[in-house]
Amino acid sequence: MRDISFQQTDVLIIGGGGAGMRAAIEAASLGCQVVVANKGPVGRSGTTPMAMEAFQAVGFPGDSEQIHFRDTVEGGYHLGDENLISILVRDAAHRAKDLEAYGVRFKKKADGAYDPMHHPGQTFPRALFIQGGGFGMLAGLIQEVRKHPEVRALNDVFVTQVILDRRGAASGAILLDLKDGRLKAIQSKAVILATGGYEELWAFNDASCAACGDGVFLAYEAGAELIDLEMLQYYPTVVIHPPSIRGTLFQYELITDPEMLAGRLVNGGKQPFFQGKLLRDAVVRAIWKEIREGRSTPHGGVYIDLIHSTKTREDLTRALEKWQPNQFHYLRDMGFDLRETLVEVAPHAHYSLGGVAIDEEARTTVPGLFAAGEAAGNLHGANRVSGNALAETQVFGALAGASAAGWAKSRGLETVPLPGEKMEGVESLLKAWAQKKEKGIRPHEVRENLRRVMWENCGVERDARGLEGGMKKLEEVEDEILPCLTIGERSPDGSFGAYPQELLEALEVRMMIELGKLVLASALFRKETRGHHMRQDFPLPSGEPRHTLVAKGKDPWPREVNRSGAGR
Amino acid sequence: MTDVIRVFIRREDPLAGRGPCDQVYEIRADRDMTILEVLQEIYLFLDPTLAFRPYRCGRRLCRSCEVNLDGRTVRGCATLLHPGKTYRLEAARQESVIRDLVFDFDAPHPSATGG
């Protein structure tokens, strides 16, 4: 099952979403050969195509980078790294211009100026509206990447390990090629992790089924520091019923805004339960209170109510067409016309605020290893303001591409070819899973088990007892269930054959269990309530906020938050 | 009222030289289900070897779940199958099947629009 004829490149980018593709453009522009390894087909997989339309950048009269900075710091409850936030607000508008040059279309007014939305947490309207949302943004990036022959995209590959050279620098990766089920290797001078988040660890999430934290796990295994893993952002209004449209996000920011849809959120008794423009964590808290206190809908959520919108039907239709066209049409064609039907929604895991710790050059603590986008962890803090995620992919994707290119130029490829034994670890794992077992357990059963544990023990509300119980359960899964994993079908030559979905799931779930334990340990370590981390046993913030760090072989430890932001 | 959604699926594994051949599956259902839901049920409860792309962008945009349903190309996330009926599914691009319903987006395709 081994294909030793590995490839070589200057910069290997793991993940072909917004951050990865932007990094590819940057590194290629600086003269590097680039390989982008993506778990699915680029542009049709991962988290970016699911992203809403908002790209936060300054442009409105009276607004400034300083105000964007302040909104982001305060919106993140002062846990965001202010050095990184300074970079975000400095570069966001420039990266929006880049996107326009790539052919991405923004909603504009008649005079050609941006027509931004005014989302909660923004002092001025700052959510530039990308036509087609993340999908539209990625389409433009792909068009631009195609102009660079230095970039090669590998679709349908799953990276199992980042390879370190003798001096401990990242110098390539081992991957499973899903097209033929074989292990392969890529040797590179630098590696960028742009794999998105780890929301799939939770039973209820609105993210891609591929959002398993691949890059965060790879960084951990390579020895890098991870940061604030307990910080998971929930999105308040994700469809929970019927199952055919479960997981579809509808933007709460638009529902109650009198300028937008002028509707409301109501509980199971059809009563409104909050007012005003609230940040995401506050709306999640308000909804969770209704659910916990028994005022939920039949399937355990609350309702989006546009039936009682104060707009006329014509105006409401126009507003839906203008601000949420894809969602509106999709739900309507699936039998849910928002103008006539209440839709049941509840908070879901939405965005990984935590991830790989990076510095101002998108470097991790492992030499030659960089991270950008949702995979990185210290930008937003304890909550993310709407629109900062797509901006993050572009600002830090470009930064990581430039940094990796600079690093790659300063070193040569290892002269020693990649030794075959680097693959032995993953090979022996695959062999063990391939053996027929008396009581074999399929990967998806383990995955569902893990997701339930994380939702029940480390969900919207947390306490020490639940978190410790969750840790015990995951340790049991790891010790007792993981060795029983079994994978259905194999080819006679010992390979897993083309598109081995169960093997992919097994590799993912092994990684998710490890990450789940790290999230639980981090959540136990943060003995306070801050933003989306709500501890019932510590219901208040505790003094000056600190990061939670974890790394291989170490217990969680705290770190001061960088306060040297230039925008202050 | 529970009934059965019956689907014939064209199975093929070109790398291993297997197929193509049709395999029939039956799912008990008391409501309309999307193609993606039906495939997920088959994969979880009937046949772990069935290959399809489970990704869903949530807005009917990405087309990763494109599949041929009774002769026309549809999106698996947004096409409902009804209890009591029989359907036939095959890969949306026959010329570049990786396995079963999964095809290679990298392969040249006359109607490829990119992105």
Presence of salt bridge, [Y] and [X], under 4.0 angstrom:
| X | Y | result |
| --- | --- | --- |
| A:Arg451 | A:Glu200 | yes |
| B:Glu37 | B:Arg31 | yes |
| B:Arg10 | B:Asp100 | no |
| A:Asp214 | A:Lys39 | yes |
| A:Arg447 | A:Glu445 | no |

Contact part of [X] toward chain A, heavy-atom cut-off under 4.5 Å: side chain, backbone, both or neither?
| X | value |
| --- | --- |
| B:Cys77 | both |
| B:Leu61 | both |
| B:Asp104 | side chain |
| B:Tyr55 | both |

Heavy-atom count around A:Arg105 CZ within 6.0 Å, excluding the residue itself: above 12?
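No - once you tally the heavy atoms of other residues, nucleotides and ligands closer than 6.0 Å, there are 12 at most.
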Neighbour count >12 (heavy atoms, 6.0 Å) for atom NZ, A:Lys147
yes
Please look at [X] and chain B and tell me whether the side chain, the backbone, both or neither of the residue comes under 4.5 angstrom of a heavy atom of that chain.
| X | result |
| --- | --- |
| A:Ala51 | backbone |
| A:Glu505 | side chain |
| A:Asn155 | both |
| A:Pro500 | neither |

Determine the option with the most heavy-atom pairs under 4.5 angstrom with chain A, choosing from B:Thr34, B:Leu36, B:Leu15.
B:Leu15
When only pairs under 4.5 Å are counted, which of B:Pro48, B:Pro54, B:Cys65 shares the most heavy-atom pairs with chain A?
B:Pro48
Think A:Arg332 forms a cation-pi with A:Phe336, using NZ or CZ under 6.0 Å from the six-ring centre and within 45 degrees of its axis?
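No; the conditions do not both hold, so A:Arg332 does not lie above the ring face of A:Phe336.
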Between A:Pro243, A:Cys209, A:Gly40, the one whose heavy-atom pairs under 4.5 Å with chain B are most numerous:
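Most heavy-atom pairs within the cutoff with chain B belong to A:Pro243.
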